[in-house]
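Taking it in order: structure first as structure tokens, then the write-up.
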Amino acid sequence: MRNQLLSMCVLGAVTVAQASAEEDKYLWLEDVEGAKQMEWVKQQNALSAKEIKAYEGFDTLVSNSLSILNDKERIPYASRIGDYLYNFWKDENHVRGIYRRTTMEEYQKASPKWETVLDIDKLGKDEGVNWVYKGFNCRYPENDRCFVSLSRGGADATETREFDLNTLSFVEQQSQPFFLAEAKSSLSWIDKDNVFVGTDFGDNSMTDSGYPKIVKQWQRGTPLSSAKTVFTGAQSSVAASGYVLFDGDNTLEVVTEALTFYTADHYVYRDGKLTQLPLPKDADIKGFFNGQLYVELKSDLQHKGKQFKQGSIIYTPVEQLIAQKPTFSTLVEPSATASISQVSFTKSAILVTWLDNVKGKLVRYTQAKDGQWKSMQAPFDPNGTISVFDVERDSDEFFVNFTSFLEPSSLYSFNAVTMKAEKVKGMKQQFAADKFETKQYFATSKDGTKVPYFVVMAKDLKLDGSNPTLLYGYGGFEVSLRPYYSATIGKNWLEQGGVYVLANIRGGGEYGPAWHQAALKQNRHKAYEDFEAIAEDLIARKITSSEHLGIQGGSNGGLLMGAAFTRRPELYNAVVCQVPLLDMKRYSKLLAGASWMGEYGDPDIPEQWDYIKTFSPYHNLKANTHYPKVFFTTSTRDDRVHPGHARKMVAKMEGMGIDVLYYENIEGGHAGAADNNQVAELSSMVYAYLMQQLK
């Protein structure tokens with residue numbers, strides 16, 4: 001559940017709360033698609049586009065981006081469903097994308113033959129809707145029917161249709177398909193004719209956060225209105241959902257109520273009854289394997305005289321757990337520098353991806369008959385980022401992706417039994433990476449904490465403080481920023497003379513749950529102090545100077561940007577603030593905002609507003625202050641983080657006589673762009689703006 005929420009965290013129609021003009025004279029900009037508001041948006045877009053696109057190299061940046069995005073030789077990442085590998089692909093001929101499939105034998109070839117499963121461009125044209133693909137969810141292990149999620153313009157709210165993988169078509173009406181109208185929904189297979197469903201059932205069926213609070217069991221051929229209610233959550237909770245865990249031939253039907261973004265109650269649904277599992281509310285269920293339920297601890301646990309460490313993976317027989325008599329054991333626990341990034345389960349092994357000082361390693365764990373665990377590390381370079389995917393419980397074969405800032409992604413087929421990796425695909429170099437190097441440094445934050453960051457720079461860089469430098473940060477929701485290869489950054493920033501910096505500040509998950517929790521709520525300022533410490537360290541090392549230092553972040557990272565330039569305006573000369581939270585007084589009333597109170601606090605509680613207001617950029621703007629020229633971007637179709645945040649901030653700054661840039665993509669949702677053309681245009685505007693400000 002938490003992973004589902006996280007994918008939604010960082011974006012619906014809005015009901016504007018009653019407030020007088022004296023309280024917030026820019027409140028009118030929260031009306032997302034009002035005629036007056038959209039006219040304001042179009043005027044802002046025109047002014048910003050004219051100024052930024054005047055950059056001499058703008059057309060080259062766009063050309064570079066499109067060439068990278070539409071490159072036929074990039075890796076077509078695929079996931080196995082049954083006997084086929086499936087891939088979603090965009091290029092200049094498929095702007096919205098095609099979902100396609102091939103066999104493993106074909107996939108290993110340089111130019112595989114693909115079979116089109118669903119053409120999103122054609123579907124949109126046929127139906128007259130600007131559909132954006134949001135995913136396939138197929139029935140396991142039969143892999144015959146799938147739920148296809150489609151979004152209008154990229155919003156989180158989706159229309160869900162049933163698709164037949166045998167006929168490669170939507171299930172016809174006479175076969176009584178499952179269908180959900182546009183909403184923020186949860187739909188999960190129980191069997192071919194029964195599903196768990198959470199959606200907008202009408203009055204009082206959605207939480208304050210805008211997600212389903214009711215879980216029902218819905219039988220094929222019956223109206224949604226007759227679906228049987230399994231669970232009803234609290235109005236103040238974030239969301240509720242039902243799903244099935246698989247362990248060979250055994251299944252476990254689970255209902256989870258996310259009480260906050262970081263706490264949940266879990267229930268087993270068996271024989272029509274719910275049994276709550278005696279787990280810590282902040283523990284995450286990771287998997288069901290060999291009769292055991294595995295969970296990750298977000299805080300220390302003392303149980304039956306044993307102490308279990310925060311960040312550990314522990315397990316207990318599931319039947320004992322259901323009987324309220326768990327006997328926990330430890331699979332793995334973190335160290336001072338190493339945290340658990342990912343846990344996956346194959347047919348016969350458990351895979352743990354570790355981060356050790358933000359560098360990845362993959363370890364396989366198998367249990368002997370005496371209960372002892374044996375581990376073996378996979379043979380990958382520890383100086384990059386390892387990602388495991390396409391792991392299924394019916395196989396020991398899966399894919400591993402390896403990359404770093406200067407190494408293009410390499411895709412391996414990996415066997416969890418033999419521990420052998422076979423390279424399947426490799427992305428070509430798309431910029432002059434041999435001219436650059438990566439270094440990891442540690443800055444000292446205000447409270448003495450050592451904070452890591454990576455710098456990608458030219459090997460012959462002159463340390464004279466004159467280098468245009470882009471510092472990227474996020475620092476929230478236990479999200480870890482890891483080294484990654486970006487041809488766009490390489491071509492449109494590094495090759496243009498820029499330095500790229502990735503900040504691993506608190507609030508993220510680079511060192512596990514404690515690293516995240518250190519910057520929650522009243523301690524939010526620690527994330528901002530970490531970011532400032534890195535900026536100051538870059539300047540002290542003469543990699544750059546304030547005059548040449550730009551910063552970038554989106555969503556929670558957009559809040560980071562707003563806090564950064566309002567706290568220390570003299571420290572930066574360019575700010576890219578994307579799909580941001582900025583009005584922290586009203587964030588919990590806008591769209592999915594209520595779901596993030598576990599991260600930031602509740603602004604309606606006076607003692608919590610006392611600290612929240614210290615990092616509410618909208619409230620911390622000061623007159624007669626010189627701010628760097630900020631470039632705000634957002635999307636009209638963002639139904640996760642309300643576009644009103646950025647709109648109001650820009651209007652307020654302009655009202656104070658502060659020079660600012662703003663661009664709102666009409667489509668795109670929280671991702672900001674709906675197709676490759678939009679991605680190329682928006683990213684090129686960002687780099688052009690940065691060069692204008694920092695060179």
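Just so you know, these numbers come straight off a predicted model, no measurement behind them. For this chain, numbers begin at 1 and follow the sequence in order.
Side chains of Gln693 and Leu690 form no contact here, defined as non-hydrogen atoms less than 4.5 Å apart. Using a 4.5 Å heavy-atom cutoff, the side chains of Gln522 and Glu607 are not in contact. Residues Trp515 and Thr449 form a side-chain contact, since some pair of their non-hydrogen atoms from C-beta on lies under 4.5 Å apart. The shortest side-chain heavy-atom distance between Thr160 and Thr199 does not fall under the 4.5 Å cut-off. Put simply, the side chain of Leu187 does not reach to within 4.5 Å of the side chain of Asn137, judged on heavy atoms. Using a 4.5 Å heavy-atom cutoff, the side chains of Val230 and Leu274 are in contact. Side-chain contact between Phe261 and Met597 is absent, with no heavy-atom pair separated by less than 4.5 Å. A 4.5 Å side-chain heavy-atom check between Met206 and Pro212 finds at least one atom pair inside the cut-off.
The aromatic rings of Phe231 and Tyr267 sit tilted relative to each other, their planes meeting at an angle between 30° and 60°. Ring geometry, Tyr572 versus Phe531: the interplanar angle falls from 30° to 60°, so the pair is classed tilted.
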Exercise for the section: Test Leu661 against Tyr689 for side-chain contact (heavy atoms from CB on, under 4.5 Å), laying out the working first. Expected result: CA-CA 9 Å; Leu661 293 165; Tyr689 154 78; 3.7 Å; yes
Practice task
Dump the intermediate steps for side-chain contact (heavy atoms from CB on, under 4.5 Å) on Asp208 and Lys589, then the final yes or no.
Solution key: CA-CA 8 Å; Asp208 292 337; Lys589 297 176 174 62; over 6 Å; no
Problem - Test salt bridge (Lys or Arg N to Asp or Glu O under 4.0 Å) applied to Asp200 and Lys213, step by step - result: CA-CA 9 Å; Asp200 188 347; Lys213 75 173 186 181; over 6 Å; no
Exercise for the section: Could you walk me through whether Glu532 and Arg567 pass the salt bridge (Lys or Arg N to Asp or Glu O under 4.0 Å) test, one step at a time? Expected result: CA-CA 9 Å; Glu532 290 159 1; Arg567 282 168 58 96; 2.7 Å; yes
Practice task
Take Asp282 and Thr263, measure what side chain to side chain donor-acceptor pair (under 3.5 Å) needs, and give me the verdict at the end.
Solution key: CA-CA 4 Å; Asp282 62 350; Thr263 59; over 6 Å; no
Exercise for the section: Go through Leu559 and Tyr528 one step at a time and tell me if the side-chain contact (heavy atoms from CB on, under 4.5 Å) criterion holds. Expected result: CA-CA 10 Å; Leu559 173 59; Tyr528 309 144; 3.6 Å; yes
Practice task
Apply the test salt bridge (Lys or Arg N to Asp or Glu O under 4.0 Å) to residues Asp659 and Lys629: give CA-CA distance (whole Å), side-chain angles for both, the deciding distance (0.1 Å), then the verdict.
Solution key: CA-CA 6 Å; Asp659 196 11; Lys629 190 169 187 175; 3.1 Å; yes
Practice task
Using the salt bridge (Lys or Arg N to Asp or Glu O under 4.0 Å) rule, take Arg637 and Glu182 through it: C-alpha gap first, then chi angles, then the decisive distance, then the call.
Solution key: CA-CA 13 Å; Arg637 291 293 291 162; Glu182 184 180 46; 3.6 Å; yes
Exercise for the section: Applying side chain to side chain donor-acceptor pair (under 3.5 Å), run through Glu257 and Ser237 and close with a yes or a no. Expected result: CA-CA 7 Å; Glu257 180 185 18; Ser237 290; 2.8 Å; yes
Exercise for the section: Decide side-chain contact (heavy atoms from CB on, under 4.5 Å) for Arg152 and Val132; before the verdict, give the C-alpha distance in whole Å, the side-chain angles of both, and the deciding distance to 0.1 Å. Expected result: CA-CA 6 Å; Arg152 287 176 173 83; Val132 173; over 6 Å; no
Handout entry: CA sep, side-chain torsions, deciding dist, call: Thr469, Tyr500, side chain to side chain donor-acceptor pair (under 3.5 Å)
Key = CA-CA 6 Å; Thr469 299; Tyr500 184 74; over 6 Å; no
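Remark: the Tyr600 side chain and the Asn556 side chain contain an N/O donor-acceptor pair separated by less than 3.5 Å. Glu664 and Gln44 form no side-chain donor-acceptor contact under 3.5 Å, judged by distance and modelled atom types alone. Side-chain atoms of Tyr474 and Ser555 form no donor-acceptor pair, as typed in the model, at a separation below 3.5 Å. Between Ser445 and Glu529, the side chains place no donor N or O within less than 3.5 Å of an acceptor N or O (distance only, hydrogens not considered). With no hydrogens or angles considered, no side-chain donor-acceptor pair links Glu30 and Gln37 at under 3.5 Å. A donor and an acceptor atom, one from each side chain of Asp602 and Gln608, are nowhere located under 3.5 Å apart. With no hydrogens or angles considered, no side-chain donor-acceptor pair links Asn204 and Gln235 at under 3.5 Å.
Rounding to the nearest 0.5 Å places OG of Ser684 at 9.5 Å from NZ of Lys53. Atom OG of Ser225 is separated from atom CH2 of Trp218 by 9.5 Å, given to the nearest 0.5 angstrom. Remark: Thr636 OG1 to Ile666 CD1 distance equals 4.0 Å, nearest 0.5 Å. Here the straight-line distance linking atom CG of Leu277 with atom OG1 of Thr256 works out to 8.5 Å at 0.5 Å rounding.
Residue Ser65 is tested with Asn677, Thr488, Asn492 for a side chain to side chain donor-acceptor pair (under 3.5 Å); the sole match is Asn492. A side chain to side chain contact (heavy atoms under 4.5 Å, CB included) with Val650 is found for one member of Arg647, Glu654, Lys652 and no other, namely Glu654.
Residues Leu571 and Ala535 approach most closely at CD2-CB, 3.8 Å, considering heavy atoms. Contact record, Tyr472 with Gly554: OH-N, 4.4 Å, taken as the closest heavy-atom pair. Here the closest non-hydrogen pair linking Val686 and Gln552 is CG1-NE2, 4.0 Å. Closest non-hydrogen pair, Asn504 versus Val451, comes out as O-CG1, 3.7 Å. The minimum heavy-atom distance between Gly509 and Ser480, with the atom names listed, is C-OG, 3.0 Å. Nearest heavy atom pair, residue Leu471 against residue Ala503, reads CD1-CB, 3.9 Å.
Trp40 has its ring centre no less than 6.0 Å from the ring centre of Tyr26. Separation of the Tyr662 and Phe632 ring centroids does not fall under the 6.0 Å cut-off. Aromatic rings from His642 and Tyr587 are positioned such that their centres are separated by 6.0 Å or more. Here the two rings, on Phe147 and Phe136, have centers that are 6.0 Å apart or farther.
Side-chain atoms of Arg524 come within 3.5 Å of backbone atoms of Ala519 as a donor-acceptor pair (strictly under, hydrogens ignored).
By the salt bridge (charged side-chain N to carboxylate O under 4.0 Å, His left out) test, Glu570 is found to be paired with Arg568, residues two or more places apart in sequence or in another chain being considered.
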Between side-chain atoms of residues 612-619 and protein atoms elsewhere (two or more places apart, or another chain), which donor-acceptor pairs fall under 3.5 Å?
residue : atom : partner : partner atom : Å
Thr614  : OG1  : Tyr611  : O            : 2.5
Ser616  : OG   : Leu582  : O            : 3.4
Ser616  : OG   : Met584  : N            : 3.1
Ser616  : OG   : His619  : ND1          : 2.7
Tyr618  : OH   : Asp24   : OD1          : 2.7

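Both the sub-6.0 Å distance and the 45° axial angle are not jointly satisfied by Lys216 relative to the ring of Phe196.
Arg506 and Asp447 are joined by a salt bridge, as a carboxylate oxygen and a charged side-chain nitrogen come within less than 4.0 angstrom of each other.
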